[in-house]
Amino acid sequence: MKKAWWKQCVVYQVYPRSFQDFNGDGVGDLPGVTARLDYLQQLGVDVLWLSPFYQSPGRDNGYDISDYRAVDPLFGTLADFDEMLRQIHRRGMKLVIDLVVNHTSDQHPWFQASRSSRESPYRDYYIWRDGVDGGPPNNWGGNFSGSCWTLDETTGQYYLHTFGPFQPELNWANPRVRQEVYDMMRWWCERGVDGFRMDVISYISKTPEMPDGAKKPGSDYGDFAPYVINGPRVHEYLREMNRQVLSRYDLLTVGECGGLTVEQACRYANEDGSELSMAFQFEHMDLDGGESFKWNLRRIDLIALKKLLTKWQKGLEGKAWNSLYWCNHDQPRIVSRLGDDSTDALRERSAKALALCLHMMQGTPYVYQGEELGMTNGRFDSLADFRDVESLNAYRELTGSGRVAPEDMLAYLRYKSRDNARTPMQWTAGPNAGFTSGEPWIGVNPNHRTVNAEDEVRRPDSVFRFYQDLIRLRHEHEIIVYGSYELLLPEDPQIFAYTRALEGERLLAVCNLSGREAAFRLPEAFAGGELLLADMDDTAPAQEMVLRPWEAFAIWKENEKP
Ligand code: GLC
């Protein structure tokens, strides 16, 4: 397997709006990120991925960009950006920025020009179609509810948007659009960034005919996925981007690829380096989705999860590279979803068990801000406490149509809303968790009095210290990065256990991902191995073990010389 720096690193995602507010306006900003770099260095992460900070009307918290080369005044200035980058590099860390080029904001000058007339030189920067029978061009329903098409009165045509109507889809089939994007990417590379996280990059090539999609269950709309995701020219575009931009710098690139399959991942993240370094797949996050999309109270089934992650571990080995994650700004908190946040002790232990389970796998791990503290889902007393456009639209659509009762929908939002990831980072037990001296843009979780960085950094047995250990171990042991993977006990409903192997050494990870005791028999080959890490201080690996609730450990052993 080829070695690369981005295979050996751990990435930390910063959602700047919710990380640290420096100027007291209630919204996190770039000087706030700079002020917290020592904390991140102490955690030990190698790379920061910064969610959008560009000029934006902010209707999807910055994933609707109106100027790709400007910092939104809410987050600071370009000078603040440069200073942040300098301070990141000074600490030996790297910076990956978000690249949101499937769509722009409807306030972007390109779209303003495009919509102004059918003759505009920018018309073809976006995707315009005539309506059909007095309605939209086809039946596609968008990710943020409603139709994928909005009629623009000025020119009497509809434009395509797979997210909100304020996020018109760029037309990648137009070579001028692609050149604009590559120019902009080079501009950031020349400023010194070390890579890109590419927002919904699997959507950029559309099937030109754009036929109706099959009806989505529980919806009036049809499914665009077969005609938008992994579309006919997506790999051609990425290879072009790679030739013209990516290959000229030493970058970490990760594609956000909704609808990714193992086979497709082997193309997006091909070992030959012709497209991206790696891709995010969503299958493990969708295991509790089903027909109701994500709006339900279902739990992820452990046996299914093991099977699926194993498919990704083995399917990509030697061919592509995995991105490992439990959390990001679009997902509820993992400790509230797969772990147990009902008491502090269980919360901490289950957070550690889940972390160990993920971090001993092959791939590049991503830690989302606050995950290293065992931060939980937020507290949302009523609909008015939610901010996210996806949540608010889904509430309106599903309760308005009578498909879901308002109380049920509120319960679903509390469990699955993206806002769960977006409550402010909990720095201290003090006012607003030390996030802001002003009025925070979204409610601070009241549990910051017990769950906060100040306490976590101080306590030797904290979740923070555990993440620190996991990151350090990855840096120290090549086997954690490159070793091959084998699942144990596929049918066990409580234990997630697997081995790794690399030349003369092997590793075993054992995680009881349940709140009940579980019997475990240590494989012969690991007898007498070295205990690398455990989430309980008295774990004693033995031939016959009874694992306690959420007990997890990793053992390393050198192979016997023949
Ligand atoms: C990605 C982002 C998400 C955003 C969407 C539209 O999925 O992660 O936050 O809403 O793209 O840009």
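Note that ligands are numbered from 1 as they come in the structure, with each ligand's atoms numbered from 1 the same way.
Residue-level proximity to ligand 1 for Gln331 is absent, since no heavy atom of it falls below 4.0 angstrom. At a 4.0 Å heavy-atom cut-off, ligand 1 touches Phe163 through the side chain alone. Only side-chain heavy atoms of Phe144 come within less than 4.0 Å of ligand 1; its backbone N, CA, C and O stay farther off.
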What do the steps show when you test Thr155 against Trp128 for side chain to side chain contact (heavy atoms under 4.5 Å, CB included), and what is the final call? CA-CA 10 Å; Thr155 56; Trp128 295 95; 4.3 Å; yes
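Salt bridge Arg403/Glu397: absent, no basic N to carboxylate O contact under 4.0 Å. Salt-bridge formation is detected for the pair Asp152/Arg115: a Lys NZ or Arg NE/NH1/NH2 atom is positioned less than 4.0 Å from an Asp or Glu carboxylate oxygen. A salt bridge links Arg422 with Asp388: the closest approach of a Lys/Arg side-chain nitrogen to an acidic carboxylate oxygen falls below 4.0 angstrom. For Arg239 and Glu236, the salt-bridge test fails: no basic side-chain N is under 4.0 Å from an acidic carboxylate O.
Counting atoms of ligand 1 from 1 in the listed order, those under 4.0 Å from a heavy atom of Arg418 are 3 (C), 4 (C), 9 (O), 10 (O). Atoms of ligand 1 found under 4.0 Å from any heavy atom of His103, numbered from 1 in the order shown, are 6 (C), 12 (O). Interface atoms of ligand 1 facing Arg422, defined by a heavy-atom separation under 4.0 Å, are 9 (O).
Among protein heavy atoms, the minimum distance from atom 10 (O) of ligand 1 is reached at Asp60 OD2, 2.5 Å. For atom 7 (O) of ligand 1, the nearest protein heavy atom (residue, atom name, distance) is Glu256 OE2, 2.8 Å. Summary of contacts: the protein heavy atom closest to atom 1 (C) of ligand 1 is Asp199 OD1, 2.8 Å. Nearest protein heavy-atom contact of atom 9 (O) of ligand 1 is Asp330 OD1, 2.7 Å.
Remark: the Glu240 side chain and the Tyr182 side chain contain an N/O donor-acceptor pair separated by less than 3.5 Å.
In this structure, Trp49 has its ring center under 6.0 Å from that of Phe280.
Put simply, the side chain of Lys294 reaches to within 4.5 Å of the side chain of Arg418, judged on heavy atoms.
Remark: distances from the non-hydrogen atoms of Glu390 to ligand 1 are all 4.0 Å or more. Residue contact annotation: Arg59 has no non-hydrogen atom under 4.0 Å from ligand 1. Judged by the shortest distance from any of its heavy atoms, Met198 lies outside the 4.0 Å radius around the atoms of ligand 1.
Judged by a 6.0 Å distance limit and a 45° cone about the ring axis, Arg69 is positioned over the six-membered ring of Trp187.
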